Amino acid sequence: MSSLDETARAIVADGKGILAADETPATITKRFTEHGIPSTPESRRAFREALFTTPGIAPFIGGVILQDETIRQKSASGQALIELLTAQGIIPGIKADASTRPLAGAPGERITEGLDGLRARLEEYGKLGARFAKWRAVFIISSDGLPTHACLHANADALARYAALCQEQGLVPIVEPEVLMDGSHTIERCEEVTSQVLHAVFDELYDQSVRLEGMLLKPNMVIAGHDSPQEASVAEVAEATVRTLARHAPAAVPAIVFLSGGQGQTLATEHLDAINRLDAPKPWTLTFSYARALQDEAMAIWRGKSENVAAAQRAFHHRAACNHAAALGRYSEAMETQSRLAPGGP
Ligand code: 13P
């Protein structure tokens with residue numbers, strides 16, 4: 001087994017998942033603003049330091065995706081933030097893309113940028129301690145036929161070029177093609193588009209000689225749009241998601257680490273649990289790589305105030321514990337009250 005394969009497996013071992021703490025300054029500013037929290041490099045550091053130093057999270061969180069700003073920051077006591085993770089055996093990763101821009105010639109669609117100079121950036125991130133990287137592409141479903149062939153193929157090509165460069169530099173690529181929940185589409189339409197996306201992505205990964213054993217796939221779950229008149233049940237989401245992955249994600253990929261995509265935090269846990277409980281062939285580890293569904297409650301409690309850090313950490317610990325249980329197919333609604341730690345801990 002190559003060291004890439006070993007890293008990919010270590011991140012998701014024993015029901016662990018990933019904390020995606022890699023929101024760009026612009027995105028986290030939007031989230032902070034909703035809670036009246038000023039967004040500065042210092043406040044972003046304080047929030048992320050609170051998450052990373054939450055006592056007792058290492059059994060639940062195998063990897064953390066960092067932002068370019070965060071990987072260079074130091075804690076209040078002067079230790080590199082990345083070291084706070086490695087000291088607990090948590091593997092640090094980095095968002096390697098440069099976000100999305102309008103795709104020329106394809107109105108309403110977006111292309112992920114960041115390939116120029118990527119080799120040198122990955123080399124630097126590796127020296128800073130990152131062992132994996134992430135690149136997110138987005139696909140919009142619309143009633144008038146999006147996504148287009150152009151958008152599917154341009155983004156799949158970029159994902160594969162990024163993944164090949166990561167492996168060349170010794171970093172495990174997380175390949176993240178996200179079919180967005182925005183819109184009123186049905187779960188059936190999401191399944192159709194997710195199938196097309198995964199087909200295009202694995203075709204390009206094959207063409208560009210990406211080693212499947214040394215990567216992680218981070219897809220959306222197959223789910224109805226936010227404004228769909230027909231919300232799918234938890235069982236329907238689990239069945240459609242596993243069916244789509246069985247058809248389009250090769251068994252050589254060691255793990256599938258879902259994004260939460262704007263699902264409520266509890267629903268994201270319920271879906272992951274149902275996916276893992278489903279009686280169907282599942283050759284991959286199926287776990288989480290959530291941002292909002294792990295952090296929202298902690299952020300709302302923290303509100304930028306140091307006196308709220310312990311309570312915010314308890315909320316984050318709780319969500320991480322619930323999602324870890326879901327990754328093992330052992331979550332239950334009762335955990336929502338039982339696993340909340342008593343005041344004073346962690
Ligand atoms: P969400 O879980 O909030 O969808 O974020 C995951 C992620 O990493 C998006 O790129």
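In this text the structure is predicted, and so the values were computed from the model without any measurement. Read the numbers this way: they start at 1 and go in the same order the structure lists the ligands and their atoms.
At a heavy-atom distance under 4.0 Å, only side-chain atoms of Ala20, from C-beta outward, approach ligand 1.
Looking only at protein heavy atoms, the nearest one to atom 1 (P) of ligand 1 is Ser260 OG, 3.3 Å. The nearest protein atom to atom 6 (C) of ligand 1, hydrogens excluded, is given as Lys218 NZ, 3.5 Å; this is a heavy-atom distance. The protein atom (non-hydrogen) at minimum distance from atom 3 (O) of ligand 1 is Arg292 NE, 2.7 Å. Looking at atom 9 (C) of ligand 1, its nearest protein heavy atom turns out to be Glu176 OE2, 3.3 Å.
Near Tyr290, the atoms of ligand 1 lying under 4.0 angstrom from a non-hydrogen atom of the residue are 2 (O). Taking every heavy atom of Gly261 and a limit of under 4.0 angstrom, the matching atoms of ligand 1 come to 1 (P), 2 (O), 4 (O). The contact set between ligand 1 and Arg136, taken as ligand atoms under 4.0 Å from a residue heavy atom, comprises 9 (C), 10 (O).
At distances below 3.5 Å, at least one donor-acceptor pair connects side-chain atoms of Asn276 with backbone N or O atoms of Leu272. Between the Asp22 side chain and the Lys95 main chain, no donor and acceptor come within less than 3.5 Å of each other.
Comment: Arg243 does not engage Glu239 in a salt bridge, judged by the lack of any side-chain N to carboxylate O separation of less than 4.0 angstrom.
No hydrogens or angles considered: a donor-acceptor pair under 3.5 Å links the side chains of Glu109 and Thr148. Gln196 and Glu192 share no donor-acceptor pair across their side chains, judged by distance under 3.5 Å alone. Side-chain N/O atoms of Asp97 and Thr112 include no donor and acceptor closer than 3.5 Å.
Not a single heavy atom of Lys95 sits closer than 4.0 Å to an atom of ligand 1. Ligand 1 is never approached by Glu23 to a heavy-atom distance shorter than 4.0 Å.
Of the N or O atoms in Lys134, one or more lie within a sub-3.5 Å distance of an N or O in ligand 1.
With atom 5 (O) of ligand 1 as the reference point, the heavy atom nearest to it among Ala137, Ala291, Gly262, Ala293 is part of Ala291.
Using a 4.5 Å cut-off on side-chain heavy atoms (C-beta onward), Phe60 and His317 make contact.
For the pairing with Glu23, the side-chain hydrogen bond (donor to acceptor under 3.5 Å, both in side chains) check across Arg292, Lys30, Gln67, Arg48 returns one residue only, Arg48.
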